[in-house]
Each structure stands twice: as C-alpha cells, then as structure tokens.
Amino acid sequence: MKSAGSSIELVARILSAVLLLGGALGSRGLAEVTAVSVAVDGLACPFCVHGVDKKLKAVEGVEEVVVDLKTGVATLVLGDGVTPDVAALREAVKKAGYTPRAVTLRAVGTLGATGDWLVLDVRGTDARYRLFEPGHENGPPFFEPALFRELSAWQASHALVAVTGSVHVHSDGEPALAADSVARIHVLSFRVDGMSCQDCAARLTRLLVEAPGVDHAVVDFGTRRATVQLDAEAVDPKGIIAVIEEAGFHAAATQEAP
Amino acid sequence: MRSKRLLTLGLLVLLPVVGIAGPITTNTALPVHDGELIVRGQGKFVRAGGDPSPMDRKLTVWAVPTVLVYGATEKFALFSVLPYLDKELEVTTPLGRVSRGDSGLGDLRFFARYSALQWDSPGETLRLAPFAGVEVPTGRDDKSDSLGTLPPPLQLGSGSWDPIFGLVLTWQTLGWEIDTSVSYDLKTEAHGFEAGDLFRFDFSYQYRIWPRVLEAGVPGFLYLVAESNLLWQDRSQNDGADDPNTGGTTWFLSPGIQYITRRFILESALQLPVVQELHGDALETDLIVTAGFRVNF
C-alpha cells in the first residue's frame, strides 16, 4: 500500500480479511516468521563460512543455516513457533569474526497498537514488533497520515498480514521492524480424502509448498485437512485442488477468501 | 670451526608460518572464530648445496610441521607449531664422504595473534594483526656421532628460548587476497652458540581462477598463488665470535596452488631462490617444496 507522495518503498496490496472456518488460524504449523536472513560483511572465502555457519546454528531456535557467499547473506530456518533473537544472531556473527548488518525477516500476524505505536503481533507466538517506515527506525512513531489510516483499518478488521523488513532493537530496548513491504495473506482450507498414512500427508505437503504462489502449507492426516497460505493477489482454489488431485487424493475447499 | 659452516637460512625457512585460510608460505590476519580449532599439516622438502668449499656439502631436510590454531576469542588466536624433522648433511672429510644428521621432533613454537584493526564490507575484509610468541627448546640439541657432537644447525633443537614478533596485513575479496607480513626472530644463546637473528618480509597474492563466475551457495575456490619471501639473517656467533660463513639475504619467489572449501584446504608451493647473498661459504638453498592441508572444527 502506498501513500501518495511517499518516498518510501512500502508496497502494500489490498489486504483482505481472512475468514477462517472453525476459528483463528493462529495454530502452530503455518509459518509465523519466515525468510529470516542475516547480512554478513567481511565474508570472502569458503573456509571462513564455517565459523558463521557454526555460530548461527548454535543460536536457540535456529535449525538450519544456508550461506550464500556471493551476496554475503545467511538465510536461517527457524523451528516452529520460534521468533528470532536478533541480538543473539548479531552476536553470533561477531563471535565468528565478522560484522553483522541487517537482519531481515517476514512475519505473519495481525496489526495492533500499544500507546502511540503501531505493532505487529506475530501469529502463534508472544512476539510483537513495533512497526516503522524505513528510515525512521530509532525515532518516535511515524507513518504518513494516509498510510496510517489504512493500517488502522486493517488493525480494526484483524486482517492477516505479512510484513517484510529489517529488524532492530529500538533505542528503548523493544524489538522493531522497518517495514519494506506488506502483502496480502490468503489462507485456504481444504478437506482431503484418500490419504492412508502420515507419509501421504508429508508428500502432499511437499507438493503444495512447491505450487506457484504458495507460501506455506500444512497437511494434517488426522483431521484430513490441508491449510494453504498464499502470498499472491490472485487466488484460485481450483489450482490448489488440482495439485491435490494430481497427487492422487480428493479435495474440496472448505472456505474461500472473499 | 669448519664443521659449523652449515646452511642456516635454508633451515630457517622451514619454520612454519601459520595461516588460517590465505597464503601458503606466509601468515594471514584472517579470523579464527571464537572456539574454533584448525589443524594444519605440511610436508616440506629442502635441498641445499652449491658448496664452494672442498667439503662439497649437500643438505637434505624433510620437515613435517603440525600446527594447531585455537580461537580464544574472535580477535585473539593461539598457535602452536611442532615440526618433525629429518636432517641429513653429506660432507667430505679427511676420512672420506660421510653423512651426518638426526631425525625427530624439533623445537615447539607458541604464539598469539590479535586482530587489532578490522574493516568489513560486503564480500571484502581488511585486517591488521600483530603477533608475538616464543620458540621453546623442546628438540634435542646434543646429538653426536662418530665425528663428535653435531653442529648446532644440524641439531633438531636450538637449546635456546627465542622470542618472535611480527605484524600481518590481509586484504581479502571474493576474487583475490593479499597478505603481507613482517616478522623478527630474536635468537638467544645456548651452549656457546647463538644463531643469527632473522628478519622476514613476506608477501602473498592469491587469485581465484575457479569458479570464474561466482554463483549462489558456497562453492570450492581454486586459487593460483604467487608469494615472495625475503629473509635477512645476521651472522651466527660461536662463543661470542661472529661466524663469517653464516647469515645473509635470500629472496624466494614461490608459485603455488590452493583449493579451498568450507571445511578444508589443500595446497602446494615451490619456493625458488632468485637472490642469495650469503656470507662466506654458507650453503645456498636449491629449492623448497611444500604441500599441506588445513581442516577446521
């Protein structure tokens, strides 16, 4: 979403309220915080990567680290329900002998407010980030008026949003997120028949995650339910149904995005 | 004493210089992360000859230094170097052609390096690190044979505690690396003998030849390496008197090759003397061949 005349790169699309059948989809399983990465300066040879890899993996909640030497970015995979400890990640890079730059992430949740601050409450966790426009990270709360009105409307409608940006610790010690983009989140739920075991659910999960536009997916064998989180504006439940049926199962949408 | 007219410089270039990633025959300022252990093993072969004297001395040395590096903190690294040596000198004596030498563990070197300055940017780093240490006389220094006690340069150990000081600068990018260092070995006296102090100026340039274009991930790097080792050594002293046939200046140019991955390095270099201005009839080095590996934990 852009505010007229704004110089920021905040790209927001129309957020739709997501109607969830059977209650909030704040359950663990769908990714709350994804695409966590740490930019590392000074890294210029393969032998040096080992230290960064090892130190980041030792941070609690980090399950996997993938370093790209060309960009100098270490991408992290966190455990379910884990929110990144930014200070610990930065300290890990320093202990490896290098200089940490931006820690970026993509977090899914709902907008709220605390005092003068607009905040993102990360779904399924206790984590909360103050939101800033880039360039105003350590100042008082700031959003351009038109932008602020739209964000307030989303807050009122409890819309599910995905915010991507760089994380830092505010001057008063509170975690904050300089939002580069806000994306619409759709969550679709399907009943899946024909699965015979957990392996079927795991296989279907892998296929759904690889489907175009799918950000994350969870298939529960016990409830015969597939929940798919999409990051695209155009949502077509039929496309998801096609993926499920190509895998050899039968699917029916239990709810659709409005 | 004629029996002490032995190669000195050639033996001293065996003293391992310790690198993390980086050069083969010189030091580097690249970091060792907090708690990291690096093990480096090398095999070195030295041949020296060209004796202008009637003794027609020929020296062969095999050395296998083992280096342990530990990151006490991300800025402070500790090093230990222990070589296994096999030294053999062939010499013509009034009794005929004889071979003298010894094999076993040499002197142990300890030193510490501190990252004093660090400038990091994406894909590039510049580091400056002083280092200091001591060589401990753990090697045997009293071996004798039928001709008597071996002269000090042929002994496995020096018998003396010798401080070491130096400074290393490293500039590394994704495509190449430059390391340059200066160091000074202060030799002290033991059993009436004192080797000449040694000053070194080393330079290394490593250029990535593969992959030509860096793609995503952490691929292995293949470097071509060009190194320069300039050594100046003072004259040795026997019972306080300078030995006129010791010391001098040697300049090596050292081409090499290196393969670097996330966990290990394989490398090899050939040190060729291009300038040797040695005093008296000190032996000249013909060549030094080095091959080795490094592994991080």
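Predicted model, so just to flag it, every value in this text is computed and none were measured. Order of the sequence lines sets the chain letters (A, B, ...), proteins ahead of strands, with each chain counted from 1.
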Is B:Tyr207 atom OH crowded by more than 12 heavy atoms from other residues, nucleotides or ligands, each under 6.0 Å away? no
Could you tell me whether B:Trp161 atom CH2 has more than 12 heavy atoms of other residues or ligands within 6.0 Å of it? no
Spacing of [atom1] belonging to [X] relative to [atom2] belonging to [Y], to within rounding of 0.5 Å:
{"X": "B:Phe221", "Y": "A:Phe47", "atom1": "CZ", "atom2": "CZ", "value": "13.5 Å"}
{"X": "A:Cys48", "Y": "B:Ile260", "atom1": "SG", "atom2": "CD1", "value": "8.0 Å"}
{"X": "A:Tyr98", "Y": "B:Asp120", "atom1": "OH", "atom2": "CG", "value": "8.0 Å"}
{"X": "B:Arg262", "Y": "A:Cys45", "atom1": "CZ", "atom2": "SG", "value": "11.5 Å"}

Structural part of B:Val295 lying under 4.5 Å from a heavy atom of chain A: backbone
So what's closer than 4.5 Å to chain A heavy atoms on B:Phe297: side chain, backbone, both or neither? backbone
Any side-chain heavy atom of B:Gln118 sitting closer than 4.5 Å to one from A:Thr99? yes
Answer yes or no: is there a side-chain heavy-atom contact under 4.5 Å between B:His33 and A:Val52? no
Residues of residues 121-130 of chain B with any heavy atom under 4.5 Å of a heavy atom in chain A: B:Ser121, B:Pro122, B:Gly123, B:Glu124, B:Thr125, B:Arg127
Residue pair A:Gly97 / B:Pro31: nearest heavy atoms and the distance that separates them: O-CG, 4.0 Å
For the residue pair A:Pro46 and B:Pro219, what are the closest heavy atoms and their distance? CG-O, 3.3 Å
As a test of understanding, state which of A:Lys54, A:Lys55, A:Lys94 forms a salt bridge (charged side-chain N to carboxylate O under 4.0 Å, His left out) with B:Asp34. A:Lys55
Picking from A:Val67, A:Val73, A:Leu69, which has the most non-hydrogen pairs under 4.5 angstrom with chain B? A:Leu69
Report the residues that fulfil side-chain hydrogen bond (donor to acceptor under 3.5 Å, both in side chains) with B:Ser181, sequence neighbours left out, ordered by chain and then residue number. none
Heavy-atom donor-acceptor pair, A:Lys70 side chain to B:Leu214 backbone, under 3.5 Å: yes
